[in-house]
Q: 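The structure under discussion is supplied below as structure tokens; questions concerning it will follow.
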There are 2 protein chains.
Amino acid sequence: MSTIKDIAKAAGVSITTVSRALNGYSDVSIKTKQRIHDIAKELEYSPNALARSLVMKKTKTIGLLVSGLNRSGSKDHIVMDVLTGIHEYCGEYEYDIVLFSTSTSRQGEKTYTQLCRERRVDGVIVQGIKKDDPYLIEILNSDIPCVLVDVPAEGEKVGFVTTDNVEGAMKAIDHLVSLGHDKIAMVNGHDQAFVSQERLKGFKLGLENLEKTFHPRLVVNGDYDEAISEEKAFQLLQHHPEITAVFCASDLMAFGVMRAARRHGLRVPEDLSIVGYDDIALASYVSPPLTTIAQDTFEMGYAAARLLVGILEETEVERICMVDNELKIRETTIKQAKIKK
Amino acid sequence: MSTIKDIAKAAGVSITTVSRALNGYSDVSIKTKQRIHDIAKELEYSPNALARSLVMKKTKTIGLLVSGLNRSGSKDHIVMDVLTGIHEYCGEYEYDIVLFSTSTSRQGEKTYTQLCRERRVDGVIVQGIKKDDPYLIEILNSDIPCVLVDVPAEGEKVGFVTTDNVEGAMKAIDHLVSLGHDKIAMVNGHDQAFVSQERLKGFKLGLENLEKTFHPRLVVNGDYDEAISEEKAFQLLQHHPEITAVFCASDLMAFGVMRAARRHGLRVPEDLSIVGYDDIALASYVSPPLTTIAQDTFEMGYAAARLLVGILEETEVERICMVDNELKIRETTIKQAKIKK
DNA sequence: TTGAAAGCGCTAACAC
DNA sequence: GTGTTAGCGCTTTCAA
């Protein structure tokens, strides 16, 4: 593989001149510049990004730390959408992405910080990692520029992107209440997740705003898992037959609730209205199609990359980025007419 | 950020010794080795992978070239599963993945080969790229070790992984014929795709083996698109009411066919049996759940990474890797009882 | 407009 | 066992 040295020799100039010519500096005579370019092409020259990065001290690379990338293969495509958004932005701004291979099994496992330092990534985007993960904390305390997805953190070189989960939950509640529902349950994820906390907050607030009482008894955690949600919802419906609607913190959990309803002989939506969260592809395919709060996950990825690059190039000041969400009314919610019990 | 030079100074030894100690060479006295490690820890030393790669001429990095990573957000998770498989293997063998940002929009776009050369990736995995893509051809002709997913190519440093698509299609046909179907149509993808060609081959072969005649008229291309398939299938069913079963080269296209059937007032599976291909998550959620040929896409990714690393480290000789597939019988196929027309 | 020289952080002969 | 030295391919002062 040829180097600028080879080009220099072939062109009869110094490597300095070649470097300058190739990088489009103006202080090279137009004709030597042309000659150098010709020779570079002829020699099939490719600049060595390693060497350049070594001296420039930046790599035009952003690291990606993702959890939940494992065989069990999530049915949702959220991780993928976010990745796609990041990829899109990076394509436009000539950053490449390095996806770290954080093997849990491998001994002598490296921390996220070490991974980032070794590869000298300019910054890192973190997704799907619990906010109390010690490695996460370490990286936040380091000087590595960092953008988190759905985990709140701010700092000189730290930002995050999320959607307004409080508002999203409120939209769901507004919708249900406007349909005449009164006894609304919630199947939340788990308390450690920021988004769960926010959605619960929105659930409460939504009820209060509409002068409905919030019943802690009607809230269960489904751990973002379909089967667990099914069980939890089954019990909930058993103990509280007065429930006419359920708001779920994820679509997958909503599917679990749909199953639980079916086991109780309840029809959806006639006997039980259900609202999900995320709007994954499945949501519109199941039957009946699921009413849900749609998040623009692609946009979240895109925004995360933009925010990170903004931090890196010191053009962006706002460290928080809120992406819109939207209520998608489909067929799992319907007017509550009958008086139950 | 500290370097081996700093450590050398602090330890009062030469940088060579530090390098050797840190890399676990045996020819360093146990006590200096220990001291060096202590100092390294104290100084929070991180090796600079760039510098090391520069001199070692390898980066422990594999490139990933993927098409179909864009906003429209594929409903299938195939790309993701393959990526996950690659990620898993890389985690075990300490390779990192760089996802190239191939912006189509950006001017002065670089070829895949250039991207790989600049980053000095050790090898590259290519997925979802058409086999006649000029950039793909360029990279195959280069000396960059390369593994393709579902595109056949072999060479000194080139291999590919795929599933047995001929066999997969035959399984589908066997299944349908065993249910008594005779007039079986096929909705294929498009002629440029290797897998399409293979599945068509399997379709023909499957019919011939069972002494059924192959009718070219009953094969249409749906371009792996749900809407297009719906249209094509709608017309097909109109012109050929004798059709009792349809084999589709993807699940998404099968959904299109289901829609088309519905528009014709045909019930699935009573009036029309349908078999898909891929077994995406949606397949088991739609109603009725789709009978399909399942591909282990995670395994494909894992195998692709293993093959590439095998080529890189010169341990693997077999340049082709076949991953299993499996017929998943669900509810869109049923015994053909009635005599149509 | 061009070149010489230093250095980014590391490894690897080759001495001692 | 340990150090000296010469690079890997590039950018960037500083001089000419």
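None of the values given here were measured: they were computed from a predicted structure. Proteins come first, then strands; the chains are lettered A, B, ... in the order of their sequence lines, and each starts at number 1.
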Q: Let me know the distance between NZ of Lys57(B) and P of dA13(C), rounded to the nearest Å.
A: 13 Å

Q: Considering just the side-chain nitrogens and oxygens of Thr17(B), establish if one lies under 4.0 Å of OP1 or OP2 belonging to dT2(D).
A: no

Q: Quick check on dG9(C): is either OP1 or OP2 less than 4.0 Å from any side-chain nitrogen or oxygen of Thr3(B)?
A: no

Q: Five pairs per end, C1' atoms only: what is the angle between the end axes of the helix from dT1(C)-dA16(D) to dC16(C)-dG1(D), to 10 degrees?
A: 40°

Q: Look up atom NZ in Lys130(A) and atom CD in Gln192(A), then write down how far apart they are to the nearest 0.5 Å.
A: 6.5 Å

Q: Measure the distance from CD on Glu118(B) to P on dC8(D) and round it to the nearest whole Å.
A: 20 Å

Q: For the pair Glu118(A) and Lys110(A), find out whether any cationic side-chain nitrogen is under 4.0 Å from an anionic carboxylate oxygen.
A: yes

Q: Any luck finding a side-chain donor-acceptor pair between Asp96(B) and Thr61(B) under 3.5 Å?
A: no

Q: For Leu50(B) and dC10(D), give me the distance from atom CG to atom P, rounded to whole Å.
A: 14 Å

Q: Can you pull out every ring pair (Phe, Tyr, Trp, His ring centres under 6.0 Å) where at least one residue sits in residues 134-157 of chain A? Sequence neighbours excluded, please.
A: Tyr112(A)-Tyr135(A)

Q: Hey, can you pull the residues of residues 19-43 of chain B with a non-hydrogen atom under 4.0 angstrom from DNA chain D?
A: Arg20(B), Asp27(B), Val28(B), Ser29(B), Thr32(B)

Q: Is there a donor-acceptor contact under 3.5 Å linking the side chains of Ser14(B) and Thr17(B)?
A: yes

Q: Calculate the interatomic distance between Asn48(B) atom CG and dC8(D) atom C1'; express it in whole Å.
A: 13 Å

Q: Contact class for Ile15(B) (heavy atom, under 4.0 Å): base, sugar-phosphate, or nothing?
A: base

Q: Applying a 4.0 Å non-hydrogen cut-off, can you work out what Thr16(A) is touching in the nucleic acid: base, sugar-phosphate, or nothing?
A: base

